[in-house]
Amino acid sequence: MEVISLAAKIRAWNELMKVALNIGKLRGDIDNFFRGNIVRSLQDEGWFDYLTQPRTVDEIASQFQYTDTEFLQSILDVFTSDHTLSKGVDNRYVINGVVEDRWVLPTLFDGSMVELWKDYAVFLPDRLRGKYLEFTSGMSLFDWDNVLGLQMYEQVRLAAFQFGGAFNRTGRFLDIGSGNGRGTSAIWSYYFKRNRFFSGTDMRIYGVEPDEGLSEIAREEFSMMAAELLGVDVKEIDAQKDHHPEFHIGLAEKIPFEDEYFDMVYASQVIHWTSWELAIKEMLRVLKPGGIFFGAESFYPTADPYSEIHFKVTQGADGYHTKTDFERWAMEGGAKSVKFATPITVFKVTK
């Protein structure tokens with residue numbers, strides 16, 4: 001079994017401390033933000049006025065014309081677990097007094113981040129009626145563009161790289177869920193600063209992203225983003241054209257590459273948008289023996305269930321699972337070891 005050094009864990013922690021000195025307070029603010037979004041959406045729907053009287057799941061579904069009673073039940077369970085609702089012995093739900101809206105704006109969330117997640121929460125009633133959102137469909141790509149550039153994602157990414165030891169490796173690197181390419185550009189810049197791109201190098205960066213609009217941004221704006229990140233002229237990046245990342249359209253559950261093609265596969269805060277078991281095993285399928293699959297993800301029981309509700313309005317999103325589930329699926333997919341660290345959990349899987 002591979003041993004992860006204490007130093008690697010400390011380096012990962014140090015990167016996360018740059019996000020906020022008080023990680024616990026930041027986490028609490030983020031959780032309250034997501035809860036507030038859901039509360040506001042369902043208040044507008046009329047939920048809490050209706051639930052001043054005890055109601056069954058079927059009565060709630062009939063009142064609001066909901067068709068996905070399984071998803072409805074899961075939301076009721078979340079509100080019951082935090083004592084917003086009570087469940088009687090007759091399986092009827094009723095509010096516990098006044099429903100508190102504890103919505104706060106986390107310090108790291110800008111206007112684009114706030115608007116993006118508000119959009120997901122607003123779609124929740126439609127999702128309960130059997131409709132799905134197709135990730136960025138109906139969303140502002142401008143908001144996604146800004147959100148993916150947040151410093152928070154940069155520090156989580158660096159924590160994963162430190163824990164995974166990815167700076168000490170070369171080869172074919174795959175960024176899963178590459179989005180608008182900003183994160184992929186940052187990854188490219190890490191290796192550029194370490195002089196890994198030269199004639200005959202085995203260092204190649206690839207991105208896979210299901211949304212064509214975001215992928216188009218990635219291809220068109222890579223040089224500009226990399227130049228900005230590195231503080232150099234765009235011409236210097238263009239001169240490295242032979243080493244630029246390749247951006248491909250594809251799903252985490254169906255990666256458009258052959259078996260054992262990559263030396264490193266990276267996925268940060270991506271797996272909850274996918275079907276976990278399929279995605280984990282597929283990422284290991286395209287990984288060479290001895291390669292690493294690493295990144296960051298939230299896991300139950302510490303993951304926030306209100307943020308999960310936001311994700312689940314989209315088609316194909318599993319939401320959260322446990323570390324035990326993750327490890328089982330990874331081992332079934334050919335992993336030799338699975339390691340975790342830090343509260344914003346970074347992971348390293350070795351094949």
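These numbers come from the heavy atoms of this one structure, side chains and all, not from hydrogens, waters or symmetry mates. Starting from 1, each residue takes its place in the sequence as its number.
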List the atom of [X], the atom of [Y], and the distance in Å for their closest heavy-atom pair.
X	Y	answer
Val286	Phe257	CG1-O, 3.8 Å
Met283	Ala267	SD-CB, 4.0 Å
Gly250	Val208	O-CG1, 3.3 Å
Thr184	Pro245	CG2-CB, 4.2 Å
Ser223	Val234	CB-CG1, 3.9 Å
Thr69	Ala61	CG2-CB, 4.0 Å

Just one of Ile60, Asp58, Thr67 clears the side chain to side chain contact (heavy atoms under 4.5 Å, CB included) bar with Leu72, so which one?
-> Ile60
If we only count heavy atoms from C-beta on, is the [X] to [Y] side-chain gap below 4.5 Å?
X	Y	result
Val99	Phe79	no
Thr52	Ile95	yes
Thr314	Tyr132	no
Phe48	Leu42	yes
Thr274	Leu251	no
Ser268	Val156	yes

To the closest 0.5 Å, what do you measure between [atom1] ([X]) and [atom2] ([Y])?
X	Y	atom1	atom2	value
Asp318	Glu277	CG	CD	9.5 Å
Asp238	Met224	CG	CE	12.0 Å
Thr350	Leu284	OG1	CG	10.0 Å
Ser81	Lys87	OG	NZ	12.0 Å
Phe167	Tyr190	CZ	OH	6.0 Å
Asp175	Ile187	CG	CD1	4.0 Å

Thinking salt bridges, do [X] and [Y] make one under a 4.0 Å N-O criterion?
X	Y	result
Glu327	Lys323	no
Lys235	Asp233	no
Lys281	Glu332	yes
Arg35	Asp82	yes
Asp259	Arg285	yes

Donor-acceptor contact present, side-chain [X] to main-chain [Y], <3.5 Å:
X	Y	value
His244	Ile237	yes
Thr302	Phe299	yes
Ser74	Phe71	yes
Glu308	Tyr320	yes
Trp188	His243	yes
Ser215	Asp211	no
Glu45	Trp47	no
Trp276	Ile271	yes
Glu253	Ser275	yes
Lys351	Ile292	no

Under 6.0 Å from the six-membered ring centre of Tyr261 and within 45° of its axis: does the NZ or CZ of Arg172 meet both?
-> yes
Please walk me through it: do Met203 and Phe197 pass side-chain contact (heavy atoms from CB on, under 4.5 Å)?
-> CA-CA 6 Å; Met203 193 75 224; Phe197 299 116; 3.7 Å; yes
Determine whether [X] and [Y] fall in the same hydrophobic cluster, where Ile, Leu, Val, Met, Phe, Trp and Tyr are linked whenever their side-chain heavy atoms lie under 4.5 Å apart.
X	Y	answer
Val232	Tyr191	yes
Ile255	Val265	yes
Leu214	Leu229	no
Phe311	Leu278	no
Leu124	Leu133	yes

Can you see whether [X] engages [Y] through a side-chain donor-acceptor pair at a distance of less than 3.5 angstrom?
X	Y	result
Glu297	His272	yes
Tyr50	Glu59	no
Glu246	His248	yes
Thr322	Asp325	yes
Arg328	Thr324	no

Leu128 vs Phe64, side-chain contact (heavy atoms from CB on, under 4.5 Å): CA-CA, chis, key distance, verdict | CA-CA 9 Å; Leu128 285 163; Phe64 297 104; over 6 Å; no
Can you confirm whether or not the ring centre of [X] sits under 6.0 Å from the ring centre of [Y]?
X	Y	answer
His310	Phe34	yes
Phe33	Tyr306	no
Tyr206	Phe247	no
Phe163	Phe294	no

Given Asp68, which of Arg127, Arg129, Lys131 fulfils the side chain to side chain donor-acceptor pair (under 3.5 Å) condition?
->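 Output: one option passes, namely Arg127.
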Look at the aromatic rings of Trp273 and Tyr120 and report parallel, tilted or perpendicular, splitting at 30° and 60°.
->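 Rings of Trp273 and Tyr120: tilted, as their planes differ by 30° to 60°.
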Using 30° and 60° as the class limits, which term best fits the ring planes of Tyr266 and Phe173: parallel, tilted or perpendicular?
-> tilted
Could you walk me through whether Arg219 and Glu216 pass the salt bridge (charged side-chain N to carboxylate O under 4.0 Å, His left out) check?
-> CA-CA 5 Å; Arg219 284 188 291 271; Glu216 183 177 356; 5.9 Å; no
Check the pair Met264, Leu174 against side-chain contact (heavy atoms from CB on, under 4.5 Å), reporting the backbone distance first and the verdict last.
-> CA-CA 6 Å; Met264 293 174 276; Leu174 178 61; over 6 Å; no
Arg182 and Met225: CA distance, side-chain angles, deciding distance, side-chain contact (heavy atoms from CB on, under 4.5 Å) verdict | CA-CA 7 Å; Arg182 188 171 293 274; Met225 288 189 284; 3.8 Å; yes
